[in-house]
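Single-structure report; data block below.
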2 protein chains.
Amino acid sequence: MSTPKEHEKLSDYISSQKLKQSHKRLTVLKAISASPKRHLTAHEVLALLNKKRSGIGQATVYRSLRLLCDAGVLNELRCEDGSSRYEFASAGSHHDHLICTKCGRFVEVFDPEIERLQDKLFARHGFYPERHKLELYGVCRMCKR
Amino acid sequence: MSTPKEHEKLSDYISSQKLKQSHKRLTVLKAISASPKRHLTAHEVLALLNKKRSGIGQATVYRSLRLLCDAGVLNELRCEDGSSRYEFASAGSHHDHLICTKCGRFVEVFDPEIERLQDKLFARHGFYPERHKLELYGVCRMCKR
DNA sequence: TCGATATTGATAATCATTATCATTTTAACG
DNA sequence: CGTTAAAATGATAATGATTATCAATATCGA
């Protein structure tokens, strides 16, 4: 599972901010790319890396995740339990989430009509819109039976 | 500022669960009712009580807030910074929130059309709907200028 | 009033995350 | 190539919101 686009985004950000390349940071990105599971927590990323005896500490995982967000490679999703999950910010693809309360599965959804109505709500109350967060909690098809 | 309805809800819950009335728990509820500020954090409630030398500890504040939620008197809003805010669950009034990113003001909003479209999203993905969370972040009228 | 049980306060523990700081890497420059 | 300043890292302490513990206190039905 290669991620040329993500690597490039990261490199661009690193040079734009006068940071330095680092093996370990790249290893974190690769581990996330290679995982079949999306929407990983920092703890889960750490577990992926430990399995490979990468010698990468948790501080570095947290730092890398933050930097990857700053670089626009990942999006951070603040969960209700107080932890965060990270997903790839595949260019310009805003979406919301359906979340199964039984198995924790995340499904990415998008409804342009909802987006439009949200903007109307902002306008109606004199708000300058910045962003929004829509999470739909329920039981997925698999968990229903 | 009286809250006969809230007191009653609380009493009903207390007897249904075979708990006991407590002076301090009522004081917490009254303090929240009396505050002009809505959407208070546990910390803010504690501050309200300390100002009055109530002798109520933080553990009791947290316990009371949780119980008031269980009793259906309050709703808990998990904020993105990891803390929670509490609002009155004035019977059957589901709503979402517009939140000012400058001053932190909360505005309660509701759009039946958005609700309907959310249900369609649940259905389209085979989810049994339980609840949702919609938060619109922007800059309010006051903070814009 | 008595006694079983709920409530409380002080404080320790938890959990995710961030800060600190000494050590190691990176990479621009000579 | 080495030097070297700055960034990255690991181990660990600190943070902040919240929950758990447990002995002391309050509640309330008999």
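Every chain is numbered from 1, with letters handed out A, B, ... down the list of sequences.
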*Does Ser22(A) have a side-chain nitrogen or oxygen under 4.0 Å from the phosphate oxygens OP1 or OP2 of dT9(D)?*
yes
*5′-ward residue of the pair Ala59(A)/Val61(B) relative to DNA chain C*: Val61(B)
*Whole-Å gap separating P (dA7(D)) and CG (Leu26(A))*: 19 Å
*Assign Arg25(B) to base, sugar-phosphate, or nothing according to its heavy-atom contacts below 4.0 angstrom with the strands shown.*
sugar-phosphate
*Starting at NE2 of His43(B) and ending at P of dT15(D), how long is that distance when rounded to a whole Å?*
15 Å
*Can you check whether His23(A) has a side-chain N or O nearer than 4.0 Å to OP1 or OP2 of dT26(C)?*
yes
*Among side-chain atoms of His39(A) and Glu87(A), is any donor-acceptor pair under 3.5 angstrom?*
yes
*Quick one: Leu19(B) CG to dA26(D) P, roughly how many Å, whole number?*
19 Å
*Lys/Arg N to Asp/Glu carboxylate O, Glu80(B) vs Lys133(A), below 4.0 Å*: yes
_dG10(D), OP1 or OP2 - any side-chain N/O from Thr60(A) closer than 4.0 Å?_
yes
*If you check the Lys24(A) side chain, which of dG10(D), dA4(C), dT18(D) turns out closest?*
dG10(D)
*When you check the phosphate oxygens OP1 and OP2 of dT17(C), does a side-chain N or O of Tyr62(A) lie under 4.0 Å from one of them?*
yes
*Could you check which of dT18(C), dT26(C), dT18(D) has an atom nearest any side-chain atom of Gln21(A)?*
dT26(C)
_Is there, by distance only and without an angle test, a donor paired with an acceptor across the side chain of Lys20(A) and the base of dA6(D) below 3.5 Å?_
yes
*asked:* Checking the side chain of Lys144(A) only, and the main-chain atoms of Gly126(B) only, is there a donor and an acceptor separated by less than 3.5 Å?
replied: yes
*In this structure, are over 12 heavy atoms from other groups packed under 6.0 Å from Tyr128(A) atom OH?*
no
*Could you tell me whether Ser84(B) contacts a base, only the sugar-phosphate backbone, or nothing, with contacts defined as non-hydrogen atoms closer than 4.0 Å?*
sugar-phosphate
*asked:* Treating Arg25(B) as the side-chain partner and Lys20(B) as the backbone partner, does any N or O pair qualify as donor plus acceptor under 3.5 Å?
replied: yes
_DNA chain C: 5'-proximal contact among Arg63(A) and Thr41(A) (nearest heavy atom)_ = Thr41(A)
